[in-house]
Amino acid sequence: MTLKIYRDPSSASNPHLFFTKHVTIDWTIDFNRQVLSGYCILHLVANETPAKSSDFIILDTREINVKNVSFEDLKLNFEFGEKNFVGQPLKISLSNIPNLDSIKELALKIEYETSRDASALQWFEPKTTLGKKYPYLFSQCQAIHARSILPCQDTPMVKFTYEASVSVQKPLTVLMSAINTGKEETSETIRHKFAQNIKIPSYLIAIVSGDLVSSDLGPISRVWTEREMIERCAWEFADVDKMVKEAESLAGEYVWGRYDILVLPPTFPYGGMENPCLTFVTPTLIAGDRSLVSVIQHEIAHSWTGNLVTNCSWEHFWLNEGFTKFLENKLVGINQKSELFRQFECIDGWRCLVEAVKDFGDKSPLTQLVCPLDQVDPDDAFSSIPYEKGHSLLFYLEQILGGTEVFNKYLRAHIERFKGLSIDTNDWKQFLYEYFSDKVYFPTNCFKKFQRSSFEFKSGELAVDWNAWLNTPGMPPVVLKFDETLANQVKNLTEKLTNEEIVEKETIFDKFSSDQKRELVSQLLNQEPLSCSKIDSLNKYYKFGETQNSEILFRWIRLCIKAKWEPILQPALKFVTDQGRMKFTRPVYKDLYAWNFSRQAAIDTFLKERDCMHKTTASLVAKDLNISS
Ligand SMILES: [Zn+2]
């Protein structure tokens with residue numbers, strides 16, 4: 001067994017010597033000190049490069065207090081390397097290990113404790129939870145935060161199974177991104193046990209603990225959240241088993257056993273996180289009308305693209321997110337029983353792409369699909385680009401390679417070919433060429449060359465400008481056309497609202513789907529700023545400010561700020577305080593900062609709230625507001 005090694009500038013680890021195949025975790029959650037303490041055992045396998053006794057096993061860590069490292073009762077020497085933005089490498093010396101050449105497997109036991117500042121963890125005092133009685137903890141390891149909760153080869157090219165045993169004070173619950181395998185109780189504590197028997201990358205390790213309750217949704221799924229929210233959550237996500245079935249019809253068998261959903265506190269920085277067996281989602285999806293469940297479809301799709309077929313490093317993040325966005329939009333079409341709904345989602349995605357490219361600037365390397373990350377924290381590179389530019393590339397290929405049916409078969413073959421592995425863009429492209437070999441023009445002798453693993457594709461084949469798509473900043477080289485039937489219904493109303501005086505609500509508005517209402521506000525936002533009197537009328541007749549749908553409210557707030565409509569200040573500040581989903585919080589903070597009238601209020605609000613925010617969100621908003629940390 002060997003592991004293919006890729007470049008990963010976000011990890012200091014050296015899996016070319018030994019790579020992880022299994023991890024055993026034993027933690028005690030200490031809510032008083034806000035640390036996880038215990039040990040992990042990394043079960044390592046010798047890779048192709050033989051290790052010498054002068055070598056070190058290098059693991060990624062960040063702010064971890066290592067107490068002891070051992071191999072079969074043999075204490076191993078260790079030291080820390082230099083600290084930088086990817087953490088601090090833990091170097092474990094192999095010099096004590098006898099007969100190193102003959103060792104094929106190596107179980108390293110590391111006793112340690114996390115720090116209060118562990119970047120993967122957010123701890124809540126009881127008073128900041130809904131129930132106000134018990135503390136709460138959740139993790140977010142993507143992209144490179146797993147190293148703050150365990151020393152590990154924190155690179156997605158390495159995948160392993162894991163088992164965990166986690167002790168917590170009664171009556172708190174612990175859940176992980178794994179199957180629950182039982183618990184042991186003492187008078188004071190409960191020890192929860194877990195097993196993840198499918199190989200996963202480190203960023204998919206996840207833990208949550210709190211006064212959680214659950215409600216069954218279907219044969220393989222239940223929703224977990226704080227007691228006070230459970231009924232609303234159970235109603236919102238009632239259709240999840242059906243959605244998993246729809247995804248199976250597209251992507252193949254669902255292999256993870258369970259699909260549970262955890263609805264987190266509002267500071268969770270993302271829409272969702274595809275932790276296996278237990279998707280984490282933001283409570284901003286609870287719209288009261290099931291109108292925002294496409295995020296669940298997205299996370300379900302990750303069960304194949306991302307969790308089974310994984311990007312080998314964050315430079316190839318589009319292989320996770322572009323594919324998943326592509327599947328998500330297809331699933332929206334399947335769920336609504338019409339391709340028109342998929343196309344409608346694509347239009348919104350393209351607009352997000354335009355905005356993200358504008359945001360970074362069209363010369364920024366961060367707008368490349370394959371995104372160079374030397375000296376760049378993957379969190380700083382995070383944007384819609386890998387999602388929407390990646391989606392655009394796949395949408396384009398679907399069109400030129402034979403359409404939906406042909407391409408759906410290819411998608412399944414892609415998953416079948418790479419499941420369980422981590423891949424880079426070249427691996428992906430090589431299989432694409434293999435699969436569509438009848439459609440591809442190959443230069444003479446190319447089939448001979450094709451056998452070589454180092455075969456590089458030349459631009460011009462397949463009439464795709466690969467360099468422009470993959471390695472060039474800015475918008476894609478092709479402007480995609482989508483079916484505009486649903487968008488045009490909205491466009492007519494947008495024009496009317498823009499050009500005519502508003503004296504009442506148009507009846508067609510009530511016939512719109514939630515997504516069309518969202519599109520309406522997007523279209524209004526996408527043009528020249530509206531006048532304040534226009535905003536007054538929209539507010540009076542359309543009541544966008546009262547919606548429970550966070551996507552619509554987000555766009556409405558931005559529309560009002562763009563119009564310099566002063567009454568929006570307090571609702572906007574409340575919006576960025578009530579929830580911390582970065583997709584919403586960062587643009588609204590940036591808009592408030594750009595407007596003289598609201599700049600100081602934005603800064604003051606941030607400084608007051610930053611300690612209650614998620615660490616990742618707080619550090620990025622600080623940058624957006626030019627506040628030093
Ligand atoms: Zn995703």
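One is the number of the first residue; the rest follow in order along the sequence. Atoms within each ligand, like the ligands themselves, are counted from 1 in listed order.
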Do Gln523 and Glu519 have side-chain N/O donor and acceptor atoms under 3.5 Å apart?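 There is such a pair (donor and acceptor under 3.5 Å, judged by atom type) between the side chains of Gln523 and Glu519.
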Cation over ring face, Arg342 and Phe326, 6.0 Å, 45°: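 Yes - Arg342 lies over the ring of Phe326, closer than 6.0 Å to its centre and within 45° of its axis.
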Under-4.0 Å salt bridge between Glu551 and Arg555: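 Arg555 and Glu551: salt-bridged.
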Centre-to-centre under 6.0 Å for Phe344 and Phe341, is that the case here?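 No: the rings miss the under 6.0 Å criterion.
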Three-point angle His302:NE2, the Zn ion (ligand 1), Glu321:OE1, rounded to the nearest 10°: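 Reported to 10°, the angle equals 100°.
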Determine which of the N, O or S atoms in His298 is closest to the Zn ion (ligand 1) and give its atom name.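 The closest N, O or S atom of His298 to the Zn ion (ligand 1) is NE2.
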Any N/O/S atom, backbone or side chain, of Glu274 lying under 2.8 Å from the Zn ion (ligand 1)?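 Checking the Zn ion (ligand 1) against Glu274, no N, O or S atom falls under 2.8 Å.
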